[in-house]
Asks: 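Pasting in a structure now, in structure tokens, and then I'll have a few things to ask.
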Amino acid sequence: MEKHVVVIYPHPDDESFGAAGTIAKFRDQGVPVTYLCGTLGEMGRNMGNPTFANRETLPEIRKQELINACNVLDMELRMLGYRDKTLEYEDRNEVAQHIKGILEELEPSLVITHYPEHAVHPDHNALGAAAIEAVRLIDEEKRPTVWAQAITNTQLEDLGVPQIINDVRDNFDKKMEAILCHQSQANGVIRSWNQSDDLSNDLKEEAMKRLSIESFYIWKF
Ligand SMILES: [Zn+2]
């Protein structure tokens, strides 16, 4: 059983879409989980339909959505305080040192992050690389395991079959509840799945089809 799990992603909602079922499973086992969220996603283009946010209010709205999702998932939240869409320009070693300091305090047995170069978005790739570098800098005997999440369509060809494949249909209600906390994002994402207007009836079914498997590669140092 894990001692403490630390999840490291750049945006409010990455945790819910990507790993909420896995997080819920750890919490059911009584394992503490902490989310280190890189940014407030303040550069997001989605302001809602009808519009409910502007550039000034979006960070506060997304922060509150994130707090709500973390409450649903019953995990601790720490903000890393970086700016959205600029993580790739941050000094990777500085970010790694920042994260390493927090990991040394929390002493997790497992770190979950994005698989660098296989995570679609530049912020995902950059923070995943910095998180893995942070873990690499920790003495081998104290070093947590890393589960790296690839989200490209070509991950099977590029990386092979993931070692960790979590079917999260059992906790899907919780995952859906966490996703729907991110009101400013969820509608846009869900709408992009299907242009049809009465998707809402099958929303959970559609989400289940797309999001019920959470898979990770065990990072080899
Ligand atoms: Zn993201």
Side-chain angles (χ1 to χ4, degrees), residues 5-24 33-48 53 55 58-70 72-73 75 77-90 92 95-96 98-99 111-134 146-155 159 162 166 168 175-193 207 210-217 219:
V5 176
V6 171
V7 178
I8 308 175
Y9 290 133
H11 308 122
D13 79 3
D14 290 330
E15 80 300 332
S16 293
F17 282 102
T22 300
I23 291 164
V33 181
T34 302
Y35 183 28
L36 307 186
C37 185
T39 79
L40 281 175
E42 68 272 16
M43 297 306 284
R45 275 166 304 172
N46 206 325
M47 304 286 179
R55 209 31 88 209
L58 189 61
E60 269 314 305
I61 289 171
R62 292 202 68 178
K63 189 175 183 183
Q64 192 56 53
E65 291 173 345
L66 177 60
I67 290 168
N68 296 345
C70 289
V72 165
L73 295 173
M75 69 172 166
L77 170 65
R78 298 218 195 169
M79 301 302 304
L80 293 176
Y82 295 103
R83 288 184 61 79
D84 192 18
K85 300 216 165 126
T86 65
L87 267 163
E88 62 185 311
Y89 308 113
E90 294 283 342
R92 180 166 301 166
V95 179
H98 179 192
I99 293 170
V111 168
I112 295 177
T113 192
H114 284 123
Y115 199 116
E117 310 314 322
H118 293 275
V120 176
H121 187 296
D123 279 350
H124 295 177
N125 290 328
L127 192 59
I132 288 168
E133 176 63 9
V146 172
W147 289 359
Q149 185 167 47
I151 51 181
T152 49
N153 292 330
T154 58
Q155 57 166 296
L159 303 171
N166 289 340
V168 302
K175 175 161 181 161
M176 204 63 201
E177 199 187 331
I179 287 172
L180 292 175
C181 288
H182 295 284
Q183 272 300 317
S184 69
Q185 307 308 302
N187 292 339
V189 173
I190 289 163
R191 211 174 299 125
S192 73
W193 292 341
R210 288 161 189 270
L211 301 170
S212 64
I213 301 292
E214 297 174 355
S215 62
F216 308 89
Y217 294 89
W219 193 262

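Counting starts at 1 for both ligands and their atoms, in listed order. Source: prediction; values computed, not measured.
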Asks: State, yes or no, whether a side-chain contact exists between Glu88 and Asn125 at a heavy-atom distance under 4.5 Å.
Replies: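 Not touching, per the 4.5 Å side-chain cut-off.
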
Asks: Could you tabulate the donor-acceptor pairs under 3.5 Å formed by side-chain atoms of residues 113-123, not counting sequence neighbours?
Replies:
unit_1, atom_1, unit_2, atom_2, d
Thr113, OG1, Ile8, O, 2.8
His121, ND1, Asp123, N, 2.9
Asp123, OD1, Leu87, N, 3.2
Asp123, OD2, His11, NE2, 2.9
Asp123, OD2, Lys85, N, 2.8

Asks: For atom CZ of Arg83, decide whether the heavy atoms of other residues, nucleotides or ligands shown that lie under 6.0 angstrom number more than 12.
Replies: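 Count not over threshold, so no.
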
Asks: If you measure from CZ on Phe17 to CD1 on Ile151, what distance do you get to the nearest 0.5 Å?
Replies: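 Going from CZ on Phe17 over to CD1 on Ile151, the span is 11.5 Å.
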
Asks: Are the side chains of His124 and Gln149 in contact, using a 4.5 Å heavy-atom criterion?
Replies: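 Of all side-chain heavy-atom pairs linking His124 with Gln149, none is under 4.5 Å.
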
Asks: Main chain of Ser184, side chain of Glu65: is a donor-acceptor contact present, judged purely on distance under 3.5 Å?
Replies: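 Side chain of Glu65 to backbone of Ser184, a donor-acceptor pair under 3.5 Å: yes, one is there.
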
Asks: Close to the Zn ion (ligand 1), meaning under 2.8 Å, how many protein N, O or S atoms are there?
Replies: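 Near the Zn ion (ligand 1), the number of protein N, O or S atoms below 2.8 Å is 4.
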
